[in-house]
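Beneath this line is the structure, given in structure tokens, with notes to follow.
Both backbone and side-chain heavy atoms feed into the values below; hydrogens, waters and symmetry mates do not. To find a chain, count down the sequence lines: A is the first, B the second, and so on, and within it residues start at 1.
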Amino acid sequence: MSENAPLPEPQASPDIETAPPARFDTLPLDPKLLRAVADSGYLTMTPIQAKAIPIVLEGKDVMGAAQTGTGKTAAFSIPLLQRMLKHENPSVSPARHPVRALVLAPTRELADQVAENVKKYAKHTNLRSVVVFGGIDMKPQTAALKAGVEVLIATPGRLLDHIEAKNCVLNQVEYVVLDEADRMLDIGFLPDLQRILSYLPKARQTLLFSATFSPEIKRLAQSYLQDPILVETARPNQTASTVEQRFISVTDDDKRAVVKHLIKERSLAQAIVFVNSKLGAARLARTFERDGLRTAALHGDKSQDERLKSLDAFKRGEVDLLVATDVAARGLDIADLPAVFNFDVPFNAEDYVHRIGRTGRAGASGLAVTLVTKSDARLMADIEKLIKRKIDLEAMEIESDRPRFERRPRDESAESIERPERFERPERSERPVRASGPTVRAPAPSADPFFNKPYESSARDEPPAWEKAKAASPVKGLSSYIKPKKQVAALFGVKKPTAPAEG
DNA sequence: AAAAAAT
């Protein structure tokens with residue numbers, strides 16, 4: 001572990017950002033790998049790939065920071081496979097092949113996805129890979145491990161189970177990757193991670209990849225790396241420029257109506273709706289479903305089978321909305337996802353960057369809408385600081401012209417029976433919004449003193465970051481409103497043409 | 001204020 005000796009600063013990697021995009025086939029890669037890359041349809045490298053691959057091929061430790069959706073998985077898996085091929089020894093019997101590369105990920109779904117990618121790039125080689133994670137039967141994983149694998153992809157808890165059951169031996173591991181490294185190094189994961197690393201040889205190549213690296217994590221990460229090369233593209237902690245970010249000032253009661261309004265207004269085919277709690281995700285998914293939107297939920301209280309099914313249905317376009325906790329915030333690659341909603345502002349600013357990184361991937365455009373209530377001001381300031389951007393809140397007022405307690409009956413038979421539902425109060429957000437007339441206003445800042453002084457409620461020792469920024473800049477920041485261009489239209493009756501009959 | 005990861 002780290003001693004008191006000062007940690008070496010990572011060396012800067014050569015800046016090749018100005019060079020034209022390099023093709024994969026200019027790399028010194030085995031034809032088997034080049035063929036797999038070509039099969040995948042990739043021709044040129046993304047900036048993180050162009051920078052990281054040659055360095056990984058040299059055998060150096062790497063700390064890689066790049067925007068979400070820019071191909072970090074390929075950036076480490078392709079060169080690692082190349083290095084493994086170089087030393088391949090086909091004369092050893094398969095049963096004696098030890099695990100040579102270990103990839104750790106913070107969620108089961110992400111581990112699964114990384115494993116798919118590794119398999120794809122390794123398909124023409126005889127390197128075998130397997131993924132192990134919790135929530136599913138250990139036996140097939142055990143059988144695969146005992147048959148022998150070169151590349152093991154895992155979540156920490158289940159891997160420790162397999163280690164303790166002696167299903168795998170990690171004392172021959174030559175390469176370790178921490179995907180979403182800042183999460184793997186955070187307090188919740190660190191003990192497991194340290195135990196796992198204690199089983200590995202010290203002489204190895206270690207790679208850390210993430211879209212966000214806080215200074216503290218960067219420092220901590222140094223103690224797991226040897227003479228690391230810091231590979232950064234653009235600025236770390238940055239969001240993709242192709243993502244349109246909107247921040248809308250709302251009350252809790254109006255959140256759902258705003259989501260549905262924007263889905264309709266922008267004709268969004270699909271969206272992920274992020275919430276902060278598992279229970280909240282389950283509840284919100286049910287109400288959206290009741291409103292006729294095809295919805296799936298993804299959170300840690302669901303069985304692993306349900307989790308995979310939800311994600312799969314969403315990826316295949318069988319559901320329109322995925323209501324998820326931060327289990328879905330990181331790394332998940334969902335092709336052509338047009339929008340992400342932050343129904344709740346995330347507790348960690350880093351997770352904001354990761355959440356909205358689910359859209360606008362691979363250069364596509366995306367929309368990220370964050371619903372901000374008065375109690376979110378502090379979290380918003382953290383986000384503003386992290387992404388180094390001034391955030392303007394849009395006002396969007398939603399009004400009702402329908403009695404408050406009226407709601408759509410669930411089915412025909414229930415229509416005549418007006419019975420109160422147990423455990424559930426009718427929600428104000430069940431109201432329709434007014435179909436016509438001026439429904440949107442941009443109040444003068446003084447109309448809502450809160451956003452002028454967002455921190456009054458919480459006593460703080462030091463002035464919040466945004467205050468300094470504001471003082472330094474004549475332009476208004478978080479406290480300024482911008483006028484929405486469009487007025488809020490009626491939302492109820494919003495139904496996807498593809499929506500199946502419910503019930 | 002929570003979530004994730006082992007059962």
**Message:** Counting the atoms with a prime plus P, OP1 and OP2 as sugar-phosphate, which does A:D186 contact under 4.0 Å by heavy atoms, base, sugar-phosphate, or nothing?
**Reply:** nothing
**Request:** Scan A:R307 against the nucleic acid and name what it touches under 4.0 Å (heavy atoms): base, sugar-phosphate only, or nothing.
**Result:** sugar-phosphate
**Item:** Residues forming a salt bridge (Lys or Arg N to Asp or Glu O under 4.0 Å) with A:D301, sequence neighbours excluded
**Value:** A:K278
**Message:** By the 4.0 Å heavy-atom rule, please label A:G188 as base, sugar-phosphate, or nothing.
**Reply:** base
**By salt bridge (Lys or Arg N to Asp or Glu O under 4.0 Å) - contacts of A:R355 (at least two apart)** = A:D326
**Fill in**
Outermost contacting nts on DNA chain B, any atom under 4.0 Å from chain A heavy atoms, listed 5' then 3', are B:dA1 to B:dT7
**Request:** Compute the centroid of each ring, for A:F76 and then for A:F209, and state whether the two points are separated by less than 6.0 Å.
**Result:** yes
**Request:** Apply salt bridge (Lys or Arg N to Asp or Glu O under 4.0 Å) to A:K120 and list each qualifying residue two or more places apart in sequence or on a separate chain.
**Result:** none
**Prompt:** When all nucleic acid strands are considered with a 4.0 Å heavy-atom cut-off, which category describes A:D326: base, sugar-phosphate, or nothing?
**Reply:** nothing
**Fill in**
Those residues at least two apart in sequence (or on a different chain) that pass salt bridge (Lys or Arg N to Asp or Glu O under 4.0 Å) with A:D161 are none
**Asked** Just checking A:G280: base, sugar-phosphate only, or nothing, at a heavy-atom cut-off of under 4.0 Å?
**Response** nothing
**Request:** Any pair with a residue in residues 187-200 of chain A that passes salt bridge (charged side-chain N to carboxylate O under 4.0 Å, His left out), sequence neighbours left out, goes on the list, sorted by first then second residue, please.
**Result:** A:E164-A:R195
